[in-house]
Amino acid sequence: MIVAGAGSGKTKVLTTRIIHLMAAHQVDAFNILALTFTNKAAREMKERVERILGSGEARNLYIGTFHSVFARILRFEADKIGYPKHFTIYDTDDAKSVVKAVINDLNLDDKHYKPNIVYNRISSAKNALIGPEEYRNDYALQQEDIRANRPAIGQIYDQYVKRCFRNGAMDFDDLLLKFYELLRQVPECLSRYQQKFRYILIDEYQDTNPAQYEIIKLLGAMHENVCVVGDDAQSIYSFRGATIQNILQFQKDYDNVKVVKLEQNYRSTQSILEVANEVIRNNKGQIEKVLFTENPEGEKIRLVRTMTDNDEGKFVADSIQEQKLRHHFANKDFAILYRTNAQSRAFEESLRRMGIPYTIYGGISFYQRKEIKDMVAYLRFTVNPRDEEALKRIINYPVRGIGKTTLDKLLLLSNEKDCSTWDILLNVREHGFRAGTLTALEDFVTMIRSFASMLEKSNAYDLAFHVGKQTGLVKELFNDKSTEGMQRYENIQELLNSIKEWTESPDNDEGELVDKSLGAYLQQITLLTDADEKDVDADTVKLMTIHAAKGLEFSCVFAAGLEELLFPNAMAINTREELEEERRLFYVVITRAKQKLWITYANTRYRFGQLVQNEPSRFLDEIPESYLDRSFAGTKTTPTRHSSKWSTNYEPRPQQRTTSEKLSYMAPKPPVARVVEHKPSEGFTPSDMTELEVGHRVEHQKFGYGEVIKLEGSAHNPVATVQFEHNGEKKIMLNYARLRIVKS
DNA sequence: CGCAAAGCTTATCTG
DNA sequence: AAGCTTTGCG
């Protein structure tokens, strides 16, 4: 077990170990299994090994995420657990849709039984290796459901599992669960993979769940060459079923465990690292370690409060602009990291306004777009006609006269006979549909059959192209000349291109032949994420959640939205365990920064279209004052003593806020410098700022009258220095503040 | 069956 | 505020 602090070179250790095994101990690449947290990490690791060994052997390594590696094996062994070789992998949307269908079939109210909640419960159960039967016999789980007034979840779970099986589909959790079952139920599989994987390496071990734990235990039992790398301080995936116990208990789980600690950080400045250490010290129950660095001390951490979430966005965009000009940073040196995806909007807007290129991670991935899902649904259904979710998408798209009534009837029949909807369709004459409907249904069946007959003769690309043409789907999108319609058409073309590229990419040179069937293609795209599709090296500012930023590093980091109820999030402040995980999340965001770190928070922000007020995050109290620079933004105020406790009563803000005040940045503790009050003149209207020149006399809504003495900044962010009559010299950012040019 | 309007929900994190 | 679902009508 390698306990590796943030920035201590975890991934390098894993890569080096693989190389060492192969080069110095002549271990065959086919006997090494390396499990990573993301597809991207897997790809990078493979490339690094290949670059150093240069023998082409790297491609024979089993490197990937738990999900992708197990999916690959399951496809091979599917028949042994009763699944079709080309089983479909359901993403969360598909899975929730099945849950919803089951809820409706059981005549339960989907207002009470929200598919989202039910699905999450099922998912947690699966991650803990609890099947439907055990679920219904588990007293604690039953009590929880009864208390939440959802006693039928066990029943839904049971039906859900049966429905997925009938559809020939596995959800994400099944990829772990079914693999586990395979090992448990089929002895020859267990021994085959135990023998094959003589060396097992696992990255980010602190974020593994019980299902993953048991699988590793089984696979590793024969050789006990299990090497895990992790950092308990960065365990942030408990919502996905991860248990920090896996890493805390590792020493008890295996004989002869050797623990290696990596405590030197090569990433961050001393200031950043010390702040991180101070914060994480507040957690109990950790593996003891002291992170240090030989890097320079660096700058203090800038703590900035703004009035609103939009101001926060503007502040960050301005700061990026300023840093770029002053210190020649590139766009890609910056990351804006936040707790929830919904926070991205304000940053997007301000970056766009300033003309700073950016990339958002964690939105919907390419493969989740409607038009892509529609096209993919045809391909899925061709490969696996039991896939009811795919059928529901395509049976009447493009429109072919098979409406809701007909579809409902088909679904009902398949439930009654407990067979797939496809089986009903194959004998559709027996079920008394009207003549017109019958023709439409039979035409549909004929079409799908013609696609299926191509599966063996054609490659994935030719088939996909044919499907797009034959169904009229491509034509339908082509005819839509709206901006969105053209975009959708381009997306379909892009999909076809990517299938082509995939089809033509080279095979494995020895050993296994890479499977180039459509089925194999479909399987891997379901497991791709947003992050896998985007180019990390592009010169853009990166926006993502802290979870998504795990394992990454940036020269300059903005940790945004440090507010109570947002971070720590309201959903995670009810138990010590939850709160400690939020703190680890804070630790993660701090340690993403190499050189400069900003921490920002807003007094008010919009939620569901409503303005809410937030207090500063309790985590801010945990940073010693000496590491902080609070005087940083906007108004020049001297920092004052920091009261060790933020008031629990909300400190009311000034009664009426003028526009300029609302848009100004504030130093956190002492709010704003006192200004001499000014009442805007009657009918105050801001002038066109492009006409502003040095020497103009202007009126500001709050600061009053003054004279422009300097113009600077860029075209995107012009700044005027104004000498006010009663309020001294101020720098006014013309994008935000509004000035009236006074006729003289 | 298709469309438009109204109504309702959402937003903690993800392979 | 925005996206998705339901409802109502032609």
Side-chain angles (χ1 to χ4, degrees), chain A residues 35-42 64-71 89-97 100 110-111 114-117 119-120 123-124 126-127 170-177 204 207-209 211-212 235-242 309-310 337-346 349 361-365 367-368 370 396-407 436-437 440 523-532 544-550 561 565-574 578 581-582 584-586 588-589 605-612:
Chain A
L35 297 167
T36 59
F37 198 69
T38 62
N39 293 303
K40 209 187 81 203
T65 62
F66 279 88
H67 291 87
S68 68
V69 167
F70 297 165
I89 298 175
Y90 277 169
D91 66 15
T92 9
D93 292 336
D94 297 316
K96 282 175 192 169
S97 170
K100 196 174 175 182
D110 63 4
K111 297 279 185 302
K114 291 188 182 161
N116 221 334
I117 293 175
Y119 171 73
N120 284 329
S123 174
S124 315
K126 286 188 173 183
N127 284 323
M170 294 192 197
D171 65 19
F172 286 145
D173 304 315
D174 284 334
L175 296 176
L176 306 180
L177 192 63
E204 309 280 8
D207 283 320
T208 51
N209 63 33
Q212 291 163 330
S235 163
I236 55 174
Y237 276 92
S238 73
F239 71 92
R240 208 161 91 184
D309 46 354
N310 289 326
L337 308 178
Y338 34 76
R339 180 67 177 80
T340 69
N341 280 308
Q343 286 165 259
S344 69
R345 203 209 79 252
E349 275 173 21
Y361 287 77
I364 51 166
S365 97
Y367 297 97
Q368 285 173 298
K370 187 191 170 298
N396 198 34
Y397 180 80
V399 178
R400 54 173 72 88
I402 305 173
K404 191 171 183 306
T405 320
T406 308
L407 177 60
T437 311
Q523 200 149 73
Q524 56 117 33
I525 61 170
T526 319
L527 297 173
L528 289 180
T529 65
D530 200 31
D532 296 319
M544 65 188 90
T545 63
I546 301 168
H547 283 92
K550 194 169 87 153
L565 305 182
L566 184 62
F567 191 10
N569 194 271
M571 305 291 285
I573 50 175
N574 298 316
E578 285 176 344
E581 180 151 325
E582 293 288 297
R584 290 194 292 270
L585 208 43
F586 189 40
V588 169
V589 71
R605 69 174 63 240
Y606 279 90
R607 189 163 181 272
F608 299 131
Q610 277 205 318
L611 198 62
V612 292

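Letters go in sequence order (proteins before strands), and every chain restarts at 1. Predicted, not measured: the structure shown is a model, and the values here were computed from it.
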Using a heavy-atom cut-off of 4.0 Å across all strands, would you classify A:G401 as base, sugar-phosphate, or nothing? sugar-phosphate
Over all strands shown, is A:L565 touching base, sugar-phosphate only, or nothing at heavy-atom distances under 4.0 angstrom? nothing
What is the distance, to the nearest angstrom, from the CG atom on A:N116 to the P atom on B:dT12? 9 Å
Roughly how many Å is it from CG in A:D110 to C1' in B:dT10, rounded to a whole number? 15 Å
Is the NZ or CZ atom of A:K126 positioned over A:F172's six-membered ring, under 6.0 angstrom from the centre and within 45° of the axis? no
Counting only side-chain nitrogens and oxygens, does A:T92 get under 4.0 Å of the OP1 or OP2 atom of B:dG15? no
Rounding to a whole Å, what distance do you find between A:Q610:CD and C:dA2:P? 15 Å
Heavy atoms under 4.0 Å, any strand shown: does A:K111 hit a base, just sugar-phosphate, or nothing? sugar-phosphate
Between B:dA11, B:dC13, B:dG15, which nucleotide gets closest to the side-chain atoms of A:R339? B:dC13
Separation of A:R400 atom CZ from B:dG2 atom C1', in whole Å? 17 Å
A:E578 has an atom CD; how far is it from atom C1' of B:dT12, in whole Å? 11 Å
Are the side chains of A:R584 and A:S235 in contact, using a 4.5 Å heavy-atom criterion? yes
Spacing of A:F172 atom CZ relative to B:dG15 atom P, expressed in whole Å: 8 Å
Nearest-Å distance, OH (A:Y237) to P (B:dT14)? 6 Å
Please check the phosphate of B:dT14 (OP1 and OP2 only) for any side-chain N or O of A:N341 closer than 4.0 Å. yes
Measure the distance from CZ on A:F608 to C1' on C:dG3 and round it to the nearest whole Å. 13 Å
Just by distance, do the side chain of A:D91 and the backbone of A:D94 share a donor-acceptor pair under 3.5 Å? yes
A:T340 has a side chain; which of B:dC1, B:dC13, B:dG15 sits nearest to it? B:dC13
Any non-hydrogen side-chain atom of A:S344 less than 4.5 Å from a side-chain atom of A:N341? no
Please determine whether any donor N or O and acceptor N or O are separated by less than 3.5 Å between the side chain of A:D91 and the base of B:dG15. no
Parallel under 30°, tilted from 30 to 60°, perpendicular over 60°: which one fits the rings of A:F70 and A:F66? perpendicular
Tell me whether the OP1 or OP2 atom of B:dT10 has a side-chain N or O from A:K114 closer than 4.0 Å. yes
